[in-house]
2 protein chains.
Amino acid sequence: MAKRSANGSGQAPRRTDSLSRELIIQTATEILDDGGESALTLRALTIRLKTGYGAIYHHVTDKGDLLAAATDDIIANVLSRTVTDGGPRETLRRLALGLFDAIDAHPWVGAQLSRQPWRPALLDFYESVGRLLDALAVPEKARFDAAGTLVNYVLGVAVQNAANARYLSSQDTNRETFLNGAAAQWAHLDPGTYPFVHASITQLREHDDREQFLAGIDIFLTGIAALRETRDTWVR
Amino acid sequence: MAKRSANGSGQAPRRTDSLSRELIIQTATEILDDGGESALTLRALTIRLKTGYGAIYHHVTDKGDLLAAATDDIIANVLSRTVTDGGPRETLRRLALGLFDAIDAHPWVGAQLSRQPWRPALLDFYESVGRLLDALAVPEKARFDAAGTLVNYVLGVAVQNAANARYLSSQDTNRETFLNGAAAQWAHLDPGTYPFVHASITQLREHDDREQFLAGIDIFLTGIAALRETRDTWVR
DNA sequence: ACCTGAACACCGTTCAAGT
DNA sequence: ACCTGAACACCGTTCAAGT
């Protein structure tokens, strides 16, 4: 974020530091953060990096490779930053919230996860979840399904988040006017056939995405707690 | 599915029945089911429909409009077919499984949902979920978050499903060899840093996607049950 | 009103040619 | 080894022209 020195006038114009995979990925991330997924074109990259197409393809296989690598970086950062000194339940919430915040800050990560959900970075997340479930005394046989369920839930929220961000930037509005518009649409529906949607209008306007995400995590954790193994009494 | 009569030799060659939005959407669905998302190009549509680009754009706004309409059809079909005569818990499971099966049969629906999660068809699903949560005695204040959580979970599974299908068709392999490959990759990881992943290899190979999805639904339902309102005793 | 299809703008990617 | 940029194949979309 704080590095925009390359544009300055101090450096020698000819001998810029040579291209590298890291620089390309970092620049791609900047473009994605600035203008969203649609802003990342190979042409935009060549301009920003003051280079040609071939130079980029020399360090990167594909546009897909580029997107995947940028996403891996973001996710790996989340995992390494997460504080894990609390209890397993608290750590699980922190991990999930860390992912949520990262995807909120970089919505294109959500879209990318929907394309390639099983990148190594997400495998690390999966590993952490599994171990925490062990600490929560979830029996081994149930851990696989439980971990998958949590990952799928996080993935679903990521997708929602990305879709919302895409919509907001395409319509060039903010969250509040978007929710007001959605609420207005919901209000137009027939209350007889859509009683629940109607009853939800106020909450739609006032809800906090982050808190709703956490409420979902708690629902799953409560459900998972019911799978808890009674390590004392052996049940056949 | 059973309508492929237009190819026959009986009809007069000149005066085919004129184009319609429904026919276009139906044909697009066929192309998507046959060849996946990447197979649906405007050109492929013109060929299959024996028409020009303008003719299609006369009935359809966009390629996005087309994809959205095709997805709406599939989802609306799921909801209308779901048997709702059981208890609320059973009905919820049936609804969720109906969506799962539909996305399994038409993986492109999963990808489309990740692009536009709030289409009218999904709002109907949301409405159904909300009402069933009411029947399950989830208090009104918690229903909004709970319904959103379930929708997000289903969305996450949909995305996974679509990604898997895309990968399978791109690699031209089947589920079993895919899982074997993934299991082999997992086996290569260091068991010290990835104990949970290692312990999951067998289950990865043997698991049933549909059952794992249902296990997640059950975790959710158990978690929801803890929110249950005690309608007899009034708690302030 | 409905349809045709050449043309346009814009992608990702390649590759002969340079240094 | 690393880079350049014209060229290619292929998108979605438009629009003057037909019926």
Side-chain angles (χ1 to χ4, degrees), chain A residues 6 11-32 34-71 108 111-112 115-116 166-167 169-170, chain B residues 6 11-32 34-71 108 111-112 115-116 166-167 169-170:
Chain A
Q11 304 287 344
R14 235 181 72 228
R15 202 194 147 293
T16 58
D17 45 352
S18 75
L19 214 50
S20 71
R21 183 176 164 88
E22 284 67 36
L23 180 61
I24 294 174
I25 292 169
Q26 182 198 318
T27 307
T29 301
E30 289 170 13
I31 294 177
L32 287 163
D34 285 355
E37 305 154 57
S38 61
L40 182 65
T41 64
L42 268 293
R43 176 159 163 68
L45 257 185
T46 58
I47 293 174
R48 194 111 149 199
L49 287 169
K50 292 174 182 169
T51 183
Y53 296 103
I56 292 171
Y57 277 93
H58 193 267
H59 296 274
V60 148
T61 309
D62 239 10
K63 194 189 175 182
D65 179 31
L66 187 55
L67 268 165
T71 301
W108 50 272
Q112 177 56 21
R115 262 168 249 133
Q116 296 197 0
R166 213 163 31 223
Y167 182 80
S169 78
S170 78
Chain B
Q11 303 286 343
R14 234 182 70 228
R15 203 191 148 292
T16 59
D17 46 350
S18 74
L19 215 50
S20 71
R21 183 175 164 88
E22 284 67 36
L23 181 60
I24 294 175
I25 291 169
Q26 182 198 317
T27 307
T29 301
E30 288 171 12
I31 294 176
L32 287 163
D34 285 356
E37 306 154 56
S38 61
L40 181 64
T41 63
L42 269 293
R43 177 159 162 69
L45 257 185
T46 59
I47 292 173
R48 193 111 149 200
L49 287 168
K50 292 174 184 169
T51 183
Y53 296 103
I56 291 171
Y57 278 93
H58 194 268
H59 296 275
V60 148
T61 309
D62 239 8
K63 195 189 175 182
D65 180 31
L66 187 56
L67 268 166
T71 301
W108 50 272
Q112 177 57 21
R115 261 168 250 133
Q116 298 196 358
R166 215 163 28 224
Y167 182 79
S169 78
S170 77

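No experiment lies behind these values; they were computed from the predicted model shown. Just so we're on the same page: letters track the sequence lines, and every chain starts at 1.
- Heavy-atom distances to DNA chain C give each of B/Ser20 and A/Thr41 a nearest nucleotide, and the one nearer the 5′ end belongs to B/Ser20.
- Contact annotation: the side chain of B/Trp108 never approaches that of B/Arg166 to less than 4.5 Å [non-hydrogen atoms, C-beta and beyond].
- In this structure, CZ of B/Arg21 is placed 16 Å from C1' of C/dC2, rounded to the nearest angstrom.
- In this structure, the CG atom of A/Leu66 is 15 Å from the P atom of C/dC11, given to the nearest Å.
- Spacing between atom CG of A/Leu40 and atom P of C/dC10 amounts to 17 Å, rounded to whole angstrom units.
- Summarising the geometry, the separation between CG on A/Leu42 and C1' on D/dA7 is reported as 15 Å, rounded to the nearest angstrom.
- For C/dA16, the paired base is D/dT4 (Watson-Crick or G-U wobble, both distances below 3.5 Å).
- Within the structure, a side-chain polar atom (N or O) of A/Tyr57 is placed less than 4.0 Å from OP1 or OP2 of C/dT13.
- Between B/Gly52 and A/Asp62, the residue whose closest nucleotide on DNA chain C is further toward the 5' end is B/Gly52.
- The closest side-chain heavy-atom distance from A/Asp65 to A/Arg21 is below 4.5 Å.
- Using a 4.0 Å cut-off, no side-chain N or O of B/His58 falls inside it from OP1 or OP2 of C/dT4.
- Residue-level contact check: B/Leu45 touches neither bases nor backbone, having no heavy atom under 4.0 Å from any strand.
- If you check every strand for non-hydrogen atoms under 4.0 Å, A/Leu49 touches nothing.
- For the pair A/Ile56 CD1 and D/dC3 P, the interatomic distance rounds to 10 Å; values are reported in whole Å.
- For A/Tyr53, the OH atom is densely surrounded, since the number of other residues' heavy atoms within 6.0 Å is greater than 12.
- The shortest side-chain heavy-atom distance between B/Arg48 and B/Asp34 falls under the 4.5 Å cut-off.
- The separation between A/Tyr53 atom OH and C/dC11 atom C1' is 9 Å, rounded to whole Å.
- In this structure, the CG atom of B/Leu19 is 12 Å from the C1' atom of C/dT4, given to the nearest Å.
- We find that NZ of B/Lys63 is positioned 9 Å from P of D/dC11, with the value rounded to whole Å.
- A heavy-atom distance below 4.5 Å is not found between the side chains of B/Leu67 and B/Glu37.
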